[in-house]
Structures are given as C-alpha cells and as structure tokens.
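Below is one structure, written out as structure tokens, with a few remarks after it.
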Amino acid sequence: MMNEPPGSELSASSAPAEPAGPAESAEPSELIERSEPAEPSEQDTPQMRLLPWSTPDDRPCFLITDGAGGPVSDLADSIEEMQLGIGEELLRYARVMHADPKVPDREFRFLSRRLAEALGDALRVARN
C-alpha cells in the first residue's frame with residue numbers, strides 16, 4: 001500500500017474518515033473570506049530615489065529601489081554624506097572669512113559660489 005497524503009482519494013478509500021475540526025470543515029471560499037489581506041511592507045513597494053548626481057546635460061538621475069539597499073544606493077549614501085561634509089567645511093571657512101576684515105572680495109565671490117553649490121546639494125539631499 002502506498003503512503004498518500006491525508007485527504008487524497010487513495011487515503012480516503014483505505015482509512016476510515018476522521019471527524020474534521022472547525023478549520024478543516026470550512027469551505028475554501030470561507031477561509032479566503034475570513035483571511036485578512038496581506039499588508040505590503042515598505043520594502044516590497046518599489047520606490048524612486050533621487051540620486052546625488054545628474055546626467056551630463058544636468059537632468060536628474062533616479063534609482064528604482066526596494067529599500068533594501070545595494071551598491072548604487074550605498075554609493076549615493078556616501079556621496080550625499082561627502083556633500084554634506086563639504087557644506088559644513090565651507091560654512092566654517094565662511095565664518096572665519098567674515099571675522100577677518102582683510103579678506104579680498106575675490107575670495108568672498110569664490111566662497112559664495114561654493115556655498116551656493118553646497119546649499120544646492122544639501123537641499124537635494126533634504127528633499128529626498
């Protein structure tokens with residue numbers, strides 16, 4: 001005699017029927033109706049992430065991610081961290097320059113351009 005899973009035609013003919021419990025006696029459609037829909041987790045839903053760099057023609061770059069990370073996501077994280085660090089360093093430099101009345105205007109203009117770039121990077125990171 002072959003071993004068949006309970007409930008198969010072969011096992012039903014060779015073994016006496018046992019009383020079914022409450023869950024086993026329910027119709028499959030009843031079980032489906034009672035079950036709650038699975039909540040999609042945040043990692044299951046694809047997300048678009050704005051990357052901290054742009055295309056050569058200055059268009060934004062995006063990464064479609066499941067939120068679990070990966071090499072491109074890790075690279076983007078490290079670049080964003082570096083950009084924020086540069087912004088902090090420029091801010092410290094700007095405070096020192098403002099304290100010195102002998103700093104030439106040319107240096108202030110250069111600093112102003114770098115601060116504008118760093119602010120743009122920081123805002124890009126903050127919006128993400």
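Excluded from the calculations below are hydrogen atoms, water molecules and symmetry mates; all remaining heavy atoms, backbone and side chain alike, are included.
- Evaluation of the salt bridge (Lys or Arg N to Asp or Glu O under 4.0 Å) test over residues 100-117, restricted to residues two or more places apart or in two chains, returns Arg114-Glu117.
- Residues satisfying the side-chain hydrogen bond (donor to acceptor under 3.5 Å, both in side chains) test with Ser78, not counting sequence neighbours, are none.
- Scanning for side-chain contact (heavy atoms from CB on, under 4.5 Å) contacts around Leu119 gives Leu123, with sequence neighbours left out.
- When every heavy atom of Ala76 is checked against every heavy atom of Arg49, the shortest pair comes out as CB-NH2, 3.5 Å.
- Here the CG atom belonging to Leu51 is positioned 10.0 Å from the CG atom belonging to Asp77, to the nearest 0.5 angstrom.
- With hydrophobic clusters built from ILVMFWY side chains whose heavy atoms lie under 4.5 angstrom apart, Val72 shares a cluster with Ile79.
- Residue Val96 is not grouped with residue Leu111 when hydrophobic side chains (ILVMFWY) are merged at heavy-atom distances under 4.5 angstrom, including chains of intermediate members.
- Both Val103 and Tyr93 are assigned to one and the same hydrophobic cluster, defined by single-linkage of ILVMFWY side chains at heavy-atom distances under 4.5 Å.
- Residue pairs meeting the side chain to side chain donor-acceptor pair (under 3.5 Å) criterion with at least one member in residues 52-62, sequence neighbours excluded, are Ser54-Asp58, Thr55-Asp57.
- Of all heavy-atom pairs between Ile64 and Pro46, the closest is CG2-CB, 4.1 Å.
- Partners of Phe108 according to the ring-ring contact (aromatic ring centres under 6.0 Å, His included) rule, which considers only residues two or more places apart in sequence or in another chain, are His98.
- Using a 4.5 Å cut-off between side-chain heavy atoms of Ile, Leu, Val, Met, Phe, Trp and Tyr, with links allowed through other members, Phe110 and Leu115 fall into different hydrophobic clusters.
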Going by atom type alone, with no hydrogens or angles, which donor-acceptor pairs under 3.5 Å involve a side-chain atom of residues 82-89 and a protein atom two or more places apart or on another chain?
residue, atom, partner, partner atom, Å
Gln83, NE2, Pro52, O, 3.3

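- Atom-to-atom distance recorded for Leu63:CG and Met48:CE is 9.0 Å, nearest 0.5 angstrom.
- More than 12 heavy atoms of other residues, nucleotides or ligands sit less than 6.0 Å from atom CZ of Phe62.
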